[in-house]
Undergrad: 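Okay, handing you the structure first.
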Amino acid sequence: RPDVYLYYWDARDGPSFEGWWFGKSVGGNEVWSHNESKAPRPPKNGWKIPFEGPARQTFNVVPKADHQRANIQAAQAAASESVKKGLAEASTVVADVTSVVQQARAATGDGASMDALDSAEKLLGPLPASISKVQKPLEVAQTTAGPALPEVKSMLLKLRSALTSVNQELQKIKIARPRVLQKQKALEMEAKDAAALNEMLADATDKTNAAEDMVEKTVISNECIDAAGDDLAEARRAVDQTQEFAAQAQMKIKEALAIIGRKMVTVKSFSSEAVRERANTELNACRVKLRDANVKLTPLLTVKQDFQQRAMAKRFVQEVNEKLAPAELDIDRAFEAVEPLQASGVVPSKAIMKQAETAINVAADRLQVAMRFLEAKMKPATGVMKQELEKVERRARVSERRLNEMRTTHRACHEREASSTLVNDIQEKMRTVADATKKLEDIFAPFLMGVEQSEDTKGSVQAGDEAMKAVSKATSAARIAISMRLVEVKRFTAEAGQEAQRSLQEYQKELEASMKRAADLKATMAEHRQVMMRAEALRQVEGVEALAKTIVENGSLICDEEKLKDMPWSEVREAGDATKKAVTEIQEAMKTAQHVLTQRQIDAKTSDDPNETAELVRLQQRLQGIHGTIAPYRTLPAAVEKQIAVKRHVDEAASKVAAAEEKADQAMALLDGAEDGGAAEGGAEGAAAAAKPRTAAELTNAA
């Protein structure tokens, strides 16, 4: 049972006892507090302690849940305030850490020193403790942070990140200490090596400068040799002095190179890479200077030999000049001869061309002799002698170029003349093509005007064939000639070749136009030939049909026995002869017609005209029908054949009688003119015997 009761007492015991009470028991006499409120629930304040005393403001009555809630709210408020304070402190720490880390990073860069590392480490050292001091309360406050929990977590992440940054920087400092220490040692060694290098460079530079100065003295002394001119004694003194200076300069160069070599070996022992590189660069620069000085000195080491060779070279040069000078004079003459060829718009005569060619050849021969002599002298030459001869060679090359230019000018002029000749030749051939084409056009003019087929047009077609052959021959000759000339002019110089090519290309276009015109005329001729051959085939067949009609007319008389009995034999023989002659003629005509038809059929195979093929078939059928028509009349009746044979024998006999009569007339003429009786008698008898007329029986037997 509880020790304290909270209960409500109504007004049964009076109004002073009505209200809410705290007591040891309900309605008991032992009570501690009274509240006059008549509310259905215990009031919060207004409680009198003791029950007859004044209301105590510090005593409140609330439900247990409200009390707990209030306590929780109070705790939360306190926790929230604590969190805010912790977040503010953490934010300050994070800002301080960020600033210090940045300072430490700047101090631990590539150029860091030990003092900088110590300073950075001193700054970073207290930071982990500061971070831990604010981090732990925030970690604890996560359970009571309430709405500030995301902010707390975010701040904890920042603190952890800051702590990581601090630790990383501390690790960098730890790693950087050996490197910085090594760098400091390297700087100290570099300073030591640099001091040693400066001492080396001073010595090497002095030796190099001394060698260069001596080389310059040698060069100046060598220039005095040329300045001496024709003073041989002065030149020899300068040669001796130059030779002495050259020997001293060579010795100084060798000494300087030896010192530089020893110093480069010493440089390899330097600890500093930068100092070694600088040493190699500086010493190599001195070595390059010495090499340049040595290059300048090398030709002067043989100054005495060069002086002797120069004297000999002068003699050789004089000999070469004796050969070259006449050649140069001939080249000048050749230039004067070639100069008229360079005039524009003027065609030089053959005499001028020949004179220029002769002058060029003479100059070329002279120059060739001089060049050969010069080459023979240059082969064994060396040093100064070769240099002097090379000067003369350059002069000779200039003359050679002048001569080549003159040859080019002469060749260009010759090519212009040749080009003109070539073009004239092509022009003549093109004139032949034009004449042949004109003749062909004249022949085919009637066809083009629509003239009908006739015997004259047949001759025109044949003449057109001949003219077409002439055109083909002329165009072929012109085409070949143009192609060959185009090949020839390619070897010409630019100006002459281009002009000739333009003319030939124009002629080529003109030739193509003529060939096209000839091809058109050829096509026209082929069309008219087809028409002519078609008409010729029809004419041949019609001619055969006319002959067949004659054969039928004559044969119908002699082949009918009834009519043959009533006909005179002379008419029978005449009809038989006419029939046989007509049969012979029709056979030849049929061969000719068949040949024409066959040729037309061959040509028709390449034609797409069905009407032409059908027409040829009809003509062939007509020709075959004629064979059947004349077949009965190829062989005459026996009686007719006999009469024809008798007529043939009679004709032969009559011919022989006529011959005998002619001989008799001759014999009579001989008898009348004979003066010698015996001779005339003998001759007359023989002639009379020969001219004696035969009887009818003899004639019949002879027949």
Side-chain angles (χ1 to χ4, degrees), residues 1-100 125-163 166:
R1 295 178 62 183
D3 293 334
V4 177
Y5 287 91
L6 174 63
Y7 60 91
Y8 180 80
W9 194 260
D10 55 14
R12 70 182 67 178
D13 294 331
S16 61
F17 290 98
E18 187 178 10
W20 289 90
W21 294 87
F22 275 99
K24 190 171 182 180
S25 62
V26 177
N29 293 323
E30 189 176 356
V31 293
W32 299 294
S33 181
H34 175 235
N35 194 311
E36 295 175 354
S37 175
K38 299 176 179 63
R41 293 175 62 84
K44 180 178 180 180
N45 48 28
W47 294 90
K48 294 181 291 183
I49 300 175
F51 66 93
E52 293 178 346
R56 186 175 293 185
Q57 299 299 324
T58 59
F59 182 75
N60 294 319
V61 176
V62 293
K64 186 177 180 179
D66 293 344
H67 179 66
Q68 290 176 349
R69 189 181 301 111
N71 290 338
I72 290 173
Q73 289 177 353
Q76 286 178 346
S80 177
E81 187 64 27
S82 177
V83 167
K84 288 182 180 179
K85 183 179 179 182
L87 288 174
E89 292 177 354
S91 178
T92 303
V93 170
V94 169
D96 294 340
V97 168
T98 302
S99 176
V100 172
L127 293 180
S130 300
I131 294 172
S132 178
K133 182 179 179 180
V134 297
Q135 184 178 6
K136 289 180 180 179
L138 288 176
E139 290 176 349
V140 173
Q142 288 186 89
T143 56
T144 60
L149 181 59
E151 189 175 357
V152 171
K153 288 184 177 181
S154 175
M155 184 56 67
L156 286 172
L157 289 176
K158 291 180 181 180
L159 289 171
R160 293 189 189 102
S161 176
L163 182 60
V166 171

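Heavy atoms only: backbone and side chains are in, while hydrogens, waters and symmetry mates are out. Sequence positions, counted from 1, serve as the residue numbers for this chain.
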Undergrad: If you take all heavy atoms of Tyr5 and Ser25, which pair is closest and at what distance?
TA: CD1-CA, 3.8 Å

Undergrad: Could you tell me which non-hydrogen atom of Pro43 sits nearest to which non-hydrogen atom of Ser37, and how far apart they are?
TA: CG-CB, 3.6 Å

Undergrad: Do you know which two heavy atoms are closest between Val61 and Pro42, and how far apart they sit?
TA: CG1-CB, 4.3 Å

Undergrad: Taking atom CG of Asn35 and atom CG of Leu6, what is their separation to the nearest 0.5 Å?
TA: 9.5 Å

Undergrad: Report the residues that fulfil side-chain hydrogen bond (donor to acceptor under 3.5 Å, both in side chains) with Lys48, sequence neighbours left out, ordered by chain and then residue number.
TA: Glu36

Undergrad: Closest approach of Ala39 and Trp20, non-hydrogen atoms and distance?
TA: O-NE1, 2.9 Å

Undergrad: Which pairs, with at least one residue in residues 38-47 and sequence neighbours excluded, count as a side chain to side chain donor-acceptor pair (under 3.5 Å)?
TA: none

Undergrad: Is it the case that the side chain of Thr92 and the backbone of Ala88 share a donor-acceptor pair, with hydrogens and angles ignored and the cut-off at 3.5 Å?
TA: yes

Undergrad: Not counting sequence neighbours, which residues clear salt bridge (Lys or Arg N to Asp or Glu O under 4.0 Å) with Asp10? List them please.
TA: Arg12

Undergrad: Run the ring pair (Phe, Tyr, Trp, His ring centres under 6.0 Å) test against Phe17 and tell me which residues pass, sequence neighbours left out.
TA: none

Undergrad: Determine, step by step, whether Tyr7 and Val31 satisfy the side chain to side chain contact (heavy atoms under 4.5 Å, CB included) criterion, reporting the C-alpha distance in whole Å, the side-chain angles of both residues, the deciding distance to 0.1 Å, and the verdict.
TA: CA-CA 11 Å; Tyr7 60 91; Val31 293; 3.7 Å; yes

Undergrad: Which residues pass the side-chain hydrogen bond (donor to acceptor under 3.5 Å, both in side chains) test with Trp32, sequence neighbours left out?
TA: none

Undergrad: Hey, is the main chain of Gly28 close enough, under 3.5 Å, to the side chain of Trp21 for a donor-acceptor pair?
TA: no

Undergrad: Any chance you could measure Trp9, atom CH2, to Glu18, atom CD, to the nearest 0.5 Å?
TA: 12.0 Å

Undergrad: I want to check something: taking the side chain as every heavy atom from C-beta on, are Leu163 and Pro128 in contact at a cut-off of under 4.5 Å?
TA: yes

Undergrad: Please name all residues satisfying side chain to side chain contact (heavy atoms under 4.5 Å, CB included) with Thr98, sequence neighbours left out, ordered by chain then number.
TA: Val94, Gln102

Undergrad: Hey, is CG on Asn29 packed in by over 12 heavy atoms from elsewhere, all under 6.0 Å?
TA: no

